[in-house]
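Since the structure comes first, as structure tokens, the remarks are kept for the end.
Throughout, a chain's letter reflects where its sequence line sits, starting with A, and its residues are numbered from 1.
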Amino acid sequence: MAHSAINVFFAGNNFSRILQGLWTSVWIAGASLIIGLILGTLLGILRTLPNKIIRFILRLYLEFFRIVPTIVLLFLFYYILPRTFHINWPASWMAVLAFSLWVAAEFGDIVRGALESVPLVQKESGLALGLSRVQLLRYVLLPQAVQLELPATINLATRVIKTTSLLMMISIMDVVAIGQQIIEANNQKYPTAVFWIYGLIFFLYFIIDYPLSKWSKQLAAKQNR
Amino acid sequence: MTKEVLRVEHLNKFYGDWQALHDISFTLHQGEVLTLLGPSGSGKSTLIRCLNGLEDFKSGAIYFKGQKVETNSKNWQELRQKIGMVFQSYDLFPNFTVLENILLAPVKVQKRPEEEVKTEALRLLKRVGLEKYVNSYPRELSGGQKQRIAIVRALAMHPEIMLFDEVTASLDPEMVRGVLQIVTDLSQVDHMTMIIVTHEMNFARQIADQVLFLENGKILENTPGEEFFKHPKTNRARGFLTSMDF
Amino acid sequence: MSWQIITQSLPIFLKAFELTLWLSAVGIICSIIVGILCSLVQYFKVPVLHQIITAYVELARNTPLLIQLFFLYYAFPVIGLKMSAQVCGIIGLVFLGGAYMAEGFTGGFAGVNSSQIDDGKALGMNNLQLARYVVFPQGFALSMPALTANVIFLIKETSIFSVIAIPELTNTALDLIGMYYRSNEYLLVLVIAYAIILIPVILLLNYLERKVRYGTFGD
């Protein structure tokens, strides 16, 4: 019984479809992370500037993403962009946009925290060497900040990866949506398919996220020593 | 001959492959003050921490009042009630008031009646001049005050030996004297048996009945206090005393 | 944007609001209990249980709640374990939240200064006394920031209950959008509803966090 149900993975082109779905999830996560990290670095730097208005606006921006659940965020983009602004992108682009802005908000906060925790003496000795503010940022502050922020950044990445499971809510054919299709198509033949397919997806997420979170924990432990 | 309180025989301690203590042996009698001197990293703190089981050791033995110490955690826990220790970090428990810090171990560990311990705690606090801080939290105190209270906290357990591990090393210079005065008093008035790790040479000279001079985890000298400061036997000890320049 | 659409939907949203609050509260309280129990096992390194809980924490933290819920709601009935959507939701949330809370408390206990532990040992405390008077009180205070983050996280995660048709806030908004095709209005109410829940919670927890820190770690 169990043995036959496992066949559902290999019936027809099921396996390659699952991998295809996985790829959709992976590229959306990857693209969002790349765009979000670049944008977030800028936001983080802006938040260390003395201009109160910029800081206030960026703080509001961050708090908005802190309060709105990601699933709601996806729907905001999915419904409002086409209906109100007549922007008719594919759903996967909307997802990348929503995730990128979310990542940018959270990463901006990580960058700000890291920049602020670089010891003052580092800044002062950079300035004493005659570095300009931009050079100081480029050669002294950002390289040190990157080290400090690495564990939190990896953690953020694991969250983005887990959140890709919501993509099917805005009708993107991600790994979960394809899993559902396979389950429905095979319900008659393999009644326990639901167990195996969700089990496989559970496992796929785990083998991506577990090494990442382990790595982040190790880095953090090393820094605390 | 006074009673022997502590005897250490051939103690060896390793951190991985690295030997931190080499064949340490000495004896301490009732009312004596033993001072551990030596450059930083010589193993003084490691040794004093071995003496109440905060560090384990590979071989050798410790005898407390003639009885060999079984080095299991249960036994150490019993024994620590008779061995008071004060650390460099002057850490009181930040979640308790001064009085609660002092009462905690006598009442919860030794199960002595709270009223009795409280009376004693107040008397001890008065003795170190801090009775008005009885209900303060540690954060409201200076480093020197915290360290004096840490001593009171250890004394409230009625220890038979007191271990002092660099108790003034993290203090502001003006706080140091008050703390050292209390330790001196303990020796002169109460005849407390003590082992002291310190960098305060004048204090060590004044208080030490016996000096162990350590370097690289070995005892280079085990001499009566006066003798060590007047006529150090080894070049190492002479160099050390000169470098301390007191 | 129509004001009328919004006011008409308010009674429906109010019900959903109550349900979200209720599910969050139950989920968070149970998660804290599970988290404390697990972190105690981890602290005392209880044989066997220790390994099981380590595995549980890693599994729960590194997989999405959505898949956990699908498993409970769709896959478990196949092996004869049928539960209502709300029960599945709570179990899923506590499965996830318990692991996050356990991690937070364990981190707090581990963060207690080793010199504090030396102090306790030097005063002759046994392991239980050390835990009770030194490690736990200080460790819980240290884990307050993690607790705060987890509470906010879990409240937001209840939005995922919408995938198993629990009529909480997000599910209700999606239903209304599906029926009346007025996305702007319903999404606005939805976002505001989350803000009404989360802003006071964030403010309260930040206040508590500061208070706890001030109360025990002044220096």
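- For B/K13 and B/F57, the positive end is not near the middle of the six-membered ring at less than 6.0 Å and at most 45° from its axis.
- How far OH of C/Y73 is from OG of C/S84: 8.0 Å, rounded to the nearest 0.5 Å.
- Considering only heavy atoms from C-beta on, B/I196 stays 4.5 Å or farther from B/L34 through its side chain.
- A side-chain donor-acceptor contact under 3.5 Å links B/S59 and B/N12.
- With C/T20 as the partner, the side chain to side chain contact (heavy atoms under 4.5 Å, CB included) test is satisfied by one option alone out of C/N171, C/L169, C/T170: C/L169.
- In this structure, chain C has a heavy atom under 4.5 Å from the side chain of B/L104, while its backbone stays farther away.
- The distance from the OG atom of B/S136 to the CG atom of B/N101 is 11.5 Å, given to the nearest 0.5 Å.
- Note that the CG atom of B/L79 and the CD atom of B/Q67 stand 10.0 Å from one another [nearest 0.5 Å].
- A 4.5 Å side-chain heavy-atom check between B/P94 and B/Y137 finds every atom pair outside the cut-off.
- Separation of atoms CZ (C/F105) and CG (C/L142) is listed at 12.0 Å; rounding is to 0.5 Å.
- Using a cutoff of 4.0 Å between basic side-chain nitrogens and carboxylate oxygens, B/E131 and B/K126 are not scored as salt-bridged.
- Electrostatic pairing of C/E18 and C/K15 does not count as a salt bridge here, judged by no charged N lying under 4.0 Å from a carboxylate O.
- Identified by a heavy-atom distance below 4.5 Å to chain B, the contributing residues of residues 118-126 of chain C are C/D118, C/D119, C/G120, C/K121, C/A122, C/L123, C/G124, C/M125, C/N126, in residue-number order.
- Partner of C/L65 under the side chain to side chain contact (heavy atoms under 4.5 Å, CB included) criterion, chosen from C/T158, C/I160, C/L154: C/I160.
- Not less than 6.0 angstrom separates the ring centroid of C/Y133 from the ring centroid of B/F93.
- We find the CD-CD1 distance between B/Q210 and B/I195 to be 9.0 Å, quoted to the nearest 0.5 Å.
- Residues C/F70 and C/Y74 place their aromatic rings such that the two centres sit under 6.0 Å apart.
- C/Q116 touches chain B through backbone and side chain together, each having a heavy atom under 4.5 Å away.
- A cation-pi arrangement, defined by a distance under 6.0 Å to the six-membered ring centre and an angle within 45 degrees of its axis, is present between C/R61 and C/Y100.
- The pair B/D190-B/R127 meets the salt-bridge criterion, since a charged nitrogen lies less than 4.0 angstrom from a carboxylate oxygen.
- Contacts with chain B (heavy atom to heavy atom, under 4.5 Å) involve no residue of residues 24-53 of chain C.
- Note that CD of B/Q81 and CG of B/N52 are 12.0 Å apart. Values are rounded to the nearest 0.5 Å.
- Contacts between residues 108-121 of chain B and chain C, defined by a heavy-atom separation under 4.5 Å, are made by B/K108, B/V109, B/K111.
- When heavy atoms are compared at a cutoff of 4.5 Å, B/L92 approaches chain C solely by way of its backbone atoms N, CA, C and O.
- Scanning residues 148-177 of chain B against chain C with a 4.5 Å heavy-atom cutoff picks out B/R153, B/A154, B/M157, ordered by number.
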